[in-house]
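Quick notes on the structure that follows.
Because only heavy atoms are used, hydrogens play no part in the values below, and waters and symmetry mates are left out as well, while side chains stay in. Remember, it's a predicted structure, so these values are computed and weren't measured experimentally.
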Amino acid sequence: YDKWLGRIIPTRFALFGTIGAMGVLVHMAVLSAFLATVGGSFRDHLITDFEIGQTLAALVAMSFNFVLNNSLTYADQRLKGAGPLLRGWFKFALTCSVGLLANVGVAAVLVRMGMHTYPAALSGIVVGSVWNYALSSRFVWGRFK
């Protein structure tokens, strides 16, 4: 990455983005499985099956991304051991919670406006990703200390 992109964008951001793209695949797989399984069970409720599925998918993808970012993006600052990993995941989840809320909120509004679920889900993911990178770099792995 450093040779290809280092002069254009920070290497860590490129790795974070690549892992994030893999997380999008995980997210879409979980969302698809949830919607196929639940299939409109929450149709008459305040919260829709899409909103629940989008939230669940975001949490699974967030955990997936944490594991890979810890191993690859921040290999030089890798968190090791059960305690540090659990604290790191908690910090990652906490710092990404605003991005998660933006993700689900944007996607939910777009679906309620008539957009198809998968482009709406992807739009929500994009909105939360830069926030997630900036805060997790700072507070989970101490990149800016």
Side-chain angles (χ1 to χ4, degrees), residues 1-42 47-113 115-145:
Y1 276 115
D2 194 39
K3 289 180 183 179
W4 291 356
L5 300 172
R7 294 182 189 128
I8 301 168
I9 58 175
T11 302
R12 284 192 201 266
F13 183 73
L15 282 168
F16 193 89
T18 300
I19 290 168
M22 294 186 318
V24 169
L25 297 176
V26 169
H27 182 108
M28 293 301 187
V30 171
L31 179 60
S32 295
F34 181 84
L35 293 176
T37 303
V38 173
S41 299
F42 300 96
I47 298 174
T48 66
D49 54 346
F50 172 77
E51 293 162 357
I52 294 168
Q54 182 75 351
T55 303
L56 178 64
L59 289 170
V60 171
M62 182 189 312
S63 297
F64 172 85
N65 288 357
F66 170 75
V67 170
L68 287 184
N69 277 312
N70 188 58
S71 296
L72 302 173
T73 307
Y74 299 98
D76 60 326
Q77 299 166 307
R78 184 176 296 141
L79 303 171
K80 298 175 185 172
L85 276 171
L86 189 56
R87 281 190 298 280
W89 179 86
F90 182 75
K91 287 180 186 179
F92 188 75
L94 190 61
T95 58
C96 292
S97 64
V98 173
L100 183 136
L101 289 173
N103 170 345
V104 173
V106 165
V109 167
L110 292 174
V111 165
R112 289 175 187 241
M113 291 174 59
M115 183 181 273
H116 189 273
T117 56
Y118 298 110
L122 188 58
S123 298
I125 291 166
V126 168
V127 167
S129 64
V130 171
W131 174 269
N132 292 346
Y133 171 72
L135 285 183
S136 65
S137 292
R138 169 70 172 105
F139 294 111
V140 178
W141 289 280
R143 174 72 177 117
F144 300 118
K145 286 185 178 178

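Separating the CG atom in L72 from the OG1 atom in T18 is a distance of 10.0 Å, to the nearest 0.5 Å.
Residues passing the side chain to side chain contact (heavy atoms under 4.5 Å, CB included) test with V127 are A102, V106, sequence neighbours excluded. Take F90 and apply the ring pair (Phe, Tyr, Trp, His ring centres under 6.0 Å) test, not counting sequence neighbours, and it matches no residue. Not counting sequence neighbours, the partners of L59 by the side chain to side chain contact (heavy atoms under 4.5 Å, CB included) test are T55, M62, L100.
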CA sep, side-chain torsions, deciding dist, call: L122, M28, side chain to side chain contact (heavy atoms under 4.5 Å, CB included): CA-CA 9 Å; L122 188 58; M28 293 301 187; 4.0 Å; yes
Could you go step by step and tell me if S63 and F92 meet the side chain to side chain contact (heavy atoms under 4.5 Å, CB included) rule? CA-CA 9 Å; S63 297; F92 188 75; over 6 Å; no
Side chain to side chain contact (heavy atoms under 4.5 Å, CB included) assessment of L85 paired with F66: CA-CA 10 Å; L85 276 171; F66 170 75; 4.1 Å; yes
Evaluate L79 against K91 for side chain to side chain contact (heavy atoms under 4.5 Å, CB included), listing each step before the verdict. CA-CA 12 Å; L79 303 171; K91 287 180 186 179; over 6 Å; no
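Closest approach of A121 and Q54 over heavy atoms only: CB-OE1, 3.3 Å. Listed here is the closest heavy atom pair of F64 and I19: CE2-O, 4.5 Å. Across all non-hydrogen atoms, the minimal contact from L56 to F34 is CD2-CD1, 3.9 Å. The two residues L110 and S123 have their closest heavy-atom pair at CD1-CB, 3.6 Å. Across every non-hydrogen atom of S71 and A75, the tightest pair is O-CB, 3.4 Å. Taking each heavy atom of A108 and F50 in turn, the nearest pair found is N-CE2, 4.1 Å.
In this structure, the side chains of L31 and Y118 come closer than 4.5 Å at one or more pairs of heavy atoms. Looking at heavy atoms from C-beta onward, V109 lies in side-chain contact with M113 at the 4.5 angstrom threshold.
Distance alone, capped at 3.5 Å, is enough to place a donor-acceptor pair between the E51 side chain and the T48 backbone.
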